[in-house]
Amino acid sequence: MAGAGMHPYHQQWVPPPQPPPPAAPPIPVENPNRTAADEVRTIFISGLPADVKERELHNLLRWLPGFDASQINFKAEQPMGFALFSTPQHAIAAKNALQDLVFDAETKSVLHTEMAKKNLFVKRGVVADSNSIDQSKRLRTGGDYTHAGYPAPPFHTPPPPPVWGTPGYMAPPAPYDPYGGYPVPQVSMPTPAPVPAPSGYAPVQNTKDNPPCNTLFIGNLGENVNEEELRGIFSVQPGYKQMKILRQERNTVCFIEFDDVNGATTVHQNLQGAVLPSSGRGGMRIQFSKNPFGRRKDSVNGSAAEHNGAPTTYQQ
DNA sequence: AGCACA
C-alpha cells in the first residue's frame with residue numbers, strides 16, 4: 001500500500017471507483033485485434049430466492065473486481081440473474097467466486113453460476129439518472145457510483161462478499177489488493193485507498209458454534225497477525241465496539257464486541273473464512289464467543305450478584 | 001481447536 005497512511009481505517013467505507021459506464025469505456029482486452037463484442041463477459045446466476053431484489057444481487061456483486069452491471073429476469077419460474085463484467089476474465093473469476101455461494105441461509109438458496117450465452121445488454125442512462133429512467137423498463141443496477149456530491153455512501157456493508165465455496169482456494173500472496181477477493185488478470189486497478197479487506201476467502205470447517213451473542217471469537221489466525229490488521233478489518237464493520245487480542249501458546253485469538261447481536265451476526269457471516277494477508281493457514285474461523293465482552297466465565301470472582309435473581313439485564 | 005477482559 002503506497003504511503004497513503006493518512007486514511008484512518010475507521011472511516012466510512014467508500015465504494016470502489018468503478019469504470020464510468022456512460023462514457024462507454026473501452027474494454028481493456030489484451031488482444032486488441034478482437035473487438036470484444038463477441039467475448040462473453042456476463043455470468044448467469046441461478047439459485048436466487050424467489051423474493052430476491054435486484055438491489056440485493058447488485059450489492060453482492062458490486063464488490064467484485066470488474067463488475068459492471070447486473071440484472072434479474074423475473075419472468076421465469078425462478079429469478080435468473082445476470083452480471084456483466086469488464087472482461088471475460090473478471091466474469092470467470094466472479095463466476096468461480098460465486099459458485100455455490102450461500103446467498104441466503106434461511107431460504108437455503110445456493111447460487112449456481114455459469115457463463116452466460118451472451119452479454120447482458122446495459123441500457124445507457126438508466127442508472128441513477130431520474131430524468132432518463134424509462135419506467136417501462138426494469139431498472140438495471142449498474143456499477144455507476146459517480147453520483148457527484150454524494151454525501152455518504154448508503155452502504156456500510158463490508159467490502160467483501162460473504163463466504164464463497166471454493167474449496168481449497170487460497171488467496172495468493174499477491175500485492176495487497178483491497179478490492180480483489182480473488183486473483184484477476186491485470187486490469188487497471190489503481191489501489192486507491194487502504195481499505196481493509198481480506199485478501200480472499202477460504203472455506204472454514206466451523207465445528208461447533210455457540211449461541212449468538214454480541215461478541216465474536218476469532219480463531220485460526222496466523223502466528224503473525226498484528227492488531228492493526230485485525231482492527232483494520234473489524235473496526236469498520238457496522239456496530240463494531242471494541243476488540244481484544246489474546247495471544248496464546250501457538251494460537252492467537254481475538255474477541256470482537258459489537259453493539260448488538262445483529263452486528264456480530266452479520267460479520268460472523270460476511271467475514272467467515274476471510275484470509276488475512278498475514279495468515280499462513282487459511283481463513284479465520286469466526287464463532288460467537290462463549291461469553292460476551294466484559295463478562296467473565298461465571299462464578300469465580302466476587303461479582304456473584306447475578307445468581308440470586310438480581311436483574312442483571314444485559315441485552316444482546 | 002485455542003474463549004480474554006470487569
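To find a chain, count down the sequence lines: A is the first, B the second, and so on, and within it residues start at 1.
- Atom CG of A/L216 and atom P of B/dA4 are 16 Å apart (whole Å).
- For the pair A/F288 CZ and B/dA4 C1', the interatomic distance rounds to 18 Å; values are reported in whole Å.
- As rounded to whole Å, 10 Å separates atom P of B/dC3 from atom CG of A/N210.
- Take the nearest nucleotide of DNA chain B for A/F293 and for A/N251: the residue whose nucleotide is more 5' is A/N251.
- As a whole-Å value, the separation of A/I218 CD1 from B/dA1 P is 16 Å.
- For the pair A/I286 CD1 and B/dG2 C1', the computed distance is 15 Å after rounding to whole Å.
- Nucleic acid contact class of A/R285 (heavy atoms, under 4.0 Å, all strands): base.
- You'll find the ring centres of A/H268 and A/F288 inside the 6.0 Å limit.
- Nucleic acid contact class of A/Q287 (heavy atoms, under 4.0 Å, all strands): base.
- Rounded to whole Å, the distance from CG on A/D209 to C1' on B/dG2 is 14 Å.
- Partners of A/E227 according to the salt bridge (Lys or Arg N to Asp or Glu O under 4.0 Å) rule, which considers only residues two or more places apart in sequence or in another chain, are A/R231.
- For residues 226-249 of chain A, no pair satisfies ring pair (Phe, Tyr, Trp, His ring centres under 6.0 Å), with sequence neighbours left out.
- One interatomic measurement links the two molecules: CG of A/L246 to P of B/dA4, which rounds to 7 Å at whole-angstrom precision.
- Between A/E223 and A/R281 there is a salt bridge, with a side-chain nitrogen of the basic residue lying less than 4.0 Å from a carboxylate oxygen of the acidic one.
- Distance CZ (A/R247) to P (B/dC3): 16 Å, rounded to an integer number of Å.
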